[in-house]
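Here the structure is laid out as structure tokens; the discussion comes afterwards.
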Amino acid sequence: MKIAFIGGGKMVKEMVKGFNRSGLTKEDLGIWMRNKDKLQNFIAKHNITPLIKMNEITQYDAIVIGVTPNNYHEVSAKLAKHLCDHHIIISIVGGLSIQAIDDEFDEHPKIIRLMPNTPVGVNAGVLAMSRNEFVEKKEAKQIEDIFKRLGYTHWIDESLMHLMPAVTGSSPAFIFMLIEAMADNAVSEGLNRELAYQMVSEMLIGAGTMVSQTKQHPGVLKDMVTTPGGSTIQGVKMLEEKGFRDAISKAMDAINKFNKQ
């Protein structure tokens with residue numbers, strides 16, 4: 001399956017990086033951008049074919065729309081003129097429902113909504129996907145298989161996609177802040193900064209892997225670490241005192257509220 005990207009923003013860059021790392025090259029990937037200088041700069045850094053004219057998308061199977069919401073309508077109007085029956089439209093435009101995409105391309109029914117996060121650039125992303133009824137099971141499986149190159153894929157009901165920015169899309173920022181805070185503390189006590197970043201990052205990978213692979217409740221895994229009278233429970237008590245859980249929940253609420261506007 002050949003994929004063409006429309007737009008070259010941050011998320012598209014990370015997706016292309018991940019695809020390149022997985023072995024997909026300019027034979028499999030193409031990109032169209034309005035600004036041709038930026039297009040040339042993009043292809044100089046990534047193994048992808050430049051599409052100088054929009055009509056060149058006809059040779060691709062899936063079209064990933066990766067423009068900003070402000071530019072979406074203008075670009076989609078151009079794109080609609082060159083869509084073919086075999087194309088599957090994949091939108092990563094934030095806040096745009098499948099129904100809204102369908103309204104824009106009312107004569108092109110095959111639509112997938114995709115919400116990746118930035119770790120796709122290192123093939124460790126989480127990608128939430130929803131589709132309409134016109135995307136056949138075989139096509140959905142093909143899309144899923146190719147995007148698994150970027151990380152973990154999950155089909156989500158369209159009615160729940162608005163929750164994904166808080167769950168997977170924006171939340172890496174919380175983890176980056178946690179890594180920074182923990183490393184800063186370790187550095188203040190004398191640990192080398194690069195080593196601190198490395199060790200904290202590895203710890204988070206291990207903790208996440210335990211939750212994912214053991215299928216045990218996170219609270220059970222937490223209790224396994226908090227021995228009676230030990231130091232860990234002192235840290236847990238302090239986090240509870242400072243409102244750690246509530247802060248995370250309210251941060252997610254703020255993201256959800258913003259995306260409902």
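These numbers were taken from a predicted model, which means no experiment stands behind them.
- The backbone N or O of Arg149 lies less than 3.5 Å from a partner atom in the side chain of Asn123, making a donor-acceptor pair.
- At distances below 3.5 Å, at least one donor-acceptor pair connects side-chain atoms of Ser188 with backbone N or O atoms of Asn185.
- Residues Val67 and Ile52 do not share a hydrophobic cluster, clusters being chains of Ile/Leu/Val/Met/Phe/Trp/Tyr side chains in contact below 4.5 Å.
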For Ser201 and Ile179: C-alpha separation, side-chain torsions, deciding distance, then whether side-chain contact (heavy atoms from CB on, under 4.5 Å) applies. CA-CA 7 Å; Ser201 300; Ile179 292 172; 3.9 Å; yes
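- For the pair Asn132 (side chain) and Ile98 (backbone), a donor-acceptor distance under 3.5 Å is absent.
- A side-chain contact (heavy atoms from CB on, under 4.5 Å) with Met129 holds for exactly one of Glu158, Glu144, Met164, Met161; it is Glu144.
- Pro218 approaches Val211 most closely through the heavy-atom pair CG-CG1, 4.5 Å.
- Between His46 and Asn20, the closest side-chain pair of non-hydrogen atoms falls below 4.5 Å.
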Stepwise, does the side-chain contact (heavy atoms from CB on, under 4.5 Å) test hold for Ile65 with Val75? CA-CA 9 Å; Ile65 305 175; Val75 172; 5.5 Å; no
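- The main-chain N or O of Ile92 is never found under 3.5 Å from a side-chain atom of Arg113 such that the two would form a donor-acceptor pair.
- Closest non-hydrogen pair, Ile31 versus Gly8, comes out as CD1-CA, 4.1 Å.
- A salt bridge does not link Glu139 with Arg131: none of the charged nitrogens is closer than 4.0 Å to a carboxylate oxygen.
- Of the inter-residue distances, the one linking Lys148 atom NZ with Ile146 atom CD1 reads 13.0 Å to the nearest 0.5 angstrom.
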I would like to know whether Ser249 and Asp246 meet side chain to side chain donor-acceptor pair (under 3.5 Å); could you show each step before the answer? CA-CA 5 Å; Ser249 181; Asp246 188 53; 5.4 Å; no
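- Scanning both residues, Met15 and Pro116, for their nearest heavy atoms gives SD-CG, 4.1 Å.
- The only member of Thr153, Asn117, Ile156 that meets side-chain contact (heavy atoms from CB on, under 4.5 Å) when paired with Leu127 is Thr153.
- Distance check, rounded to the nearest 0.5 Å: CD1 of Ile88 to CD of Gln142 gives 7.0 Å.
- Under the salt bridge (Lys or Arg N to Asp or Glu O under 4.0 Å) criterion, Lys26 pairs with no residue, sequence neighbours left out.
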Start with the C-alpha distance between Trp32 and Glu56, add both sets of side-chain angles, then the distance that settles side-chain contact (heavy atoms from CB on, under 4.5 Å), and finish with yes or no. CA-CA 9 Å; Trp32 178 92; Glu56 294 177 69; over 6 Å; no
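- Looking only at distances, a side-chain donor or acceptor of His87 sits under 3.5 Å from a matching main-chain atom of Ile57.
- When all heavy atoms of Ala62 and Ile143 are compared, the closest pair comes out as CB-CD1, 4.2 Å.
- Looking at Ser22, its side chain does come within 3.5 Å of a backbone N or O of Phe19 through a donor-acceptor pair.
- No hydrogens or angles considered: a donor-acceptor pair under 3.5 Å links the side chains of Glu104 and Ser76.
- Val225 and Met199 are assigned to two separate hydrophobic clusters, defined by single-linkage of ILVMFWY side chains at heavy-atom distances under 4.5 Å.
- A pairwise comparison of heavy atoms in Lys2 and Asp61 identifies N-OD2, 2.7 Å as the closest pair.
- Around the CG atom of Asp85, the shell of radius 6.0 Å holds no more than 12 heavy atoms that belong to other residues, nucleotides or ligands.
- A donor-acceptor pair is defined here as one N or O able to donate and one able to accept, closer than 3.5 Å; no such pair exists between the side chain of Asn259 and the backbone of Asn256.
- Taking the side chain as every heavy atom from C-beta outward, Leu51 and Tyr60 approach each other to under 4.5 Å.
- Donor-acceptor pairing under 3.5 Å is lacking for the side chains of Glu194 and Gln198.
- For the atom pair CE (Met33) and CD (Gln40), the distance works out to 10.0 Å, reported to the nearest 0.5 Å.
- Contact annotation: the side chain of Val120 never approaches that of Phe147 to less than 4.5 Å [non-hydrogen atoms, C-beta and beyond].
- His162 places a side-chain N or O within donor-acceptor distance of the main-chain N or O of Ser159, the cut-off being under 3.5 Å.
- The minimum heavy-atom distance between Ala183 and Val200, with the atom names listed, is N-CG2, 4.5 Å.
- Summarising the geometry, atom CG belonging to Leu79 is positioned 6.0 Å from atom CD1 belonging to Ile89; distances are rounded to the nearest 0.5 Å.
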Is there a salt bridge (Lys or Arg N to Asp or Glu O under 4.0 Å) between Asp145 and Lys141? Walk through the geometry before answering. CA-CA 6 Å; Asp145 286 345; Lys141 183 65 167 58; 2.9 Å; yes
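- Considering only heavy atoms from C-beta on, Leu204 comes within 4.5 Å of Ile175 through its side chain.
- In this structure, CG on Leu150 lies 8.5 Å from CG on Leu114, to the nearest 0.5 angstrom.
- Using a 30° and 60° split on the angle between ring planes, Tyr72 and Phe105 fall in the perpendicular class, above 60°.
- Side chains of Val16 and Phe42 form a contact here, defined as non-hydrogen atoms less than 4.5 Å apart.
- Between Arg193 and Asp184 the shortest side-chain heavy-atom distance falls below 4.5 Å.
- Ile112 and Val64 fall within the same hydrophobic cluster, where Ile, Leu, Val, Met, Phe, Trp and Tyr residues are linked whenever their side-chain heavy atoms come under 4.5 Å apart, directly or through other members.
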Assess the residue pair Met182 and Met203 against the criterion (side-chain contact (heavy atoms from CB on, under 4.5 Å)); give the C-alpha distance rounded to whole Å, side-chain angles, the decisive distance to 0.1 Å, and a yes or no. CA-CA 11 Å; Met182 293 182 69; Met203 175 276 297; 3.8 Å; yes
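- Under a hydrophobic clustering in which Ile, Leu, Val, Met, Phe, Trp and Tyr are joined whenever their side-chain heavy atoms come within less than 4.5 Å, directly or via other members, Ile3 and Ile90 fall into the same cluster.
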The test is side chain to side chain donor-acceptor pair (under 3.5 Å); show your working for Gln99 and Asp103 and say whether it passes. CA-CA 6 Å; Gln99 184 58 58; Asp103 290 343; 2.9 Å; yes
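- Residues Asp37 and Asn41 form no side-chain contact, since every pair of their non-hydrogen atoms from C-beta on lies 4.5 Å or further apart.
- For the pair Lys45 and Lys13, the minimum side-chain heavy-atom distance is 4.5 Å or more.
- Atom CD1 of Ile63 is separated from atom NZ of Lys110 by 12.5 Å, given to the nearest 0.5 angstrom.
- Val93 and Leu163 are not part of a single hydrophobic cluster, where members link through side-chain heavy atoms under 4.5 Å apart.
- Looking only at distances, no side-chain donor or acceptor of Glu240 sits under 3.5 Å from a matching main-chain atom of Lys237.
- Met252 is linked by a side chain to side chain contact (heavy atoms under 4.5 Å, CB included) to Ala166, Val167, Phe174, Ile248, counting only residues two or more places apart in sequence or in another chain.
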